[in-house]
Undergrad: 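The structure is given below, and queries will be raised subsequently.
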Amino acid sequence: MDADYRPFDPDPSKPKFVPSPGAVDAHCHVFGPAERFPFHLMRKYTPCDAPWEKLRALRDFLGFSRNVIVQASCHGTDDRAMIDALDRSDDLARGVAVVQTDVSEAALKTMHESGVRGVRFNFVKRLVDVPPLDELSAVAKRVAALGWHIVVYFEAADLDSLTPFFKSLPTKVVVDHMGRPDVTRGVDDIGFQSFVRLVDRNQNIWVKVNGEERVSVQGPPYDDVIPFSKLLVEEFPDRVLWGTDWPHPNMKSHMPDDGVLVDSIPKFATTEAAQQALLVDNPMRLYWST
Ligand code: 0GY
């Protein structure tokens, strides 16, 4: 583990909010254990181990039923830790992989059998060296044939330059962390509004309304982020997802309490119907219908 890396909170608070029955934590990661699943040679950070057993226990403690495990950059294109977790999940976890652009058909099929339903394209320069867009387009075309979608992670400053690429994708496109808005500028800011317009005009684009601990300036309980997540949930009720982001890689300012994160959900998904769509119906449709 890097000297300045903050491990996850081993003792989160029990949330007061009770998630809708069957709720899905639709953005979380597993790391290692490094002894069995070494971190990638090209990684930009070395986290603590965060194995499936811990994630499963957290799922139960927080009142969730299922997980979507997203491959993080510290494991590069070596998806074994994530796949191992899926294989041991009793069909209660699905995965989003990171693949080499020349990944074989056989490897994709095997991943599908384990529960992978998407591929992540990470454009955050502090985390990865981004492959050429034409290679990513070719990957998208191939995974579209499997019924998978693309998860995209980018900084708000890169939205304009990436928009034509996002629009060209032949799959559903799921945006990580609300497109990382600058919350100090308010929801009327031109940058956030162009993101909202993009989602509005492209019915295949979905949004994860988590990541508040990353974009908040105030810190816990992250109330400065609520206007952003609330707007997205209200505008796009059937295309939003939420996840803990456990074990919160690279959090420099503080380590979030997962119970506090869960307790923020009813602030932006304010009705039972909105919570049911966000936590159950949308992720089940995207991850468990094929
Ligand atoms: C996240 C966010 C981060 C890291 C990664 O792939 C990753 O390493 O996703 C981050 O540092 O913002 O999605 O958990």
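Atoms within each ligand, like the ligands themselves, are counted from 1 in listed order. For the single chain, residues carry numbers from 1 onward in sequence order.
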Undergrad: Do K54 and F8 meet the cation-pi criteria used here (NZ or CZ under 6.0 Å from the six-membered ring centre, within 45° of the axis)?
TA: no
Undergrad: Using a strict cut-off of under 4.0 Å between a residue heavy atom and any atom of ligand 1, list the qualifying protein residues by chain and number.
TA: H27, H29, Y45, A72, S73, R120, N122, R126, L127, Y153, H177, R180, R214, D245, P249, N250
Undergrad: For the side chain of S161 and the backbone of D158, is there at least one donor-acceptor N/O pair under 3.5 Å apart?
TA: yes
Undergrad: So that I know where these two stand, are F39 and H75 an aromatic pair - ring centroids less than 6.0 Å apart?
TA: yes
Undergrad: Given 3.5 Å as the limit, does a donor-acceptor pair link the side chain of N282 with the main chain of A277, or not?
TA: yes
Undergrad: For residues F166 and F154, establish whether the separation of their ring centroids is below 6.0 Å.
TA: yes
Undergrad: Is it true that F123 and Y153 have ring centroids separated by less than 6.0 Å?
TA: no
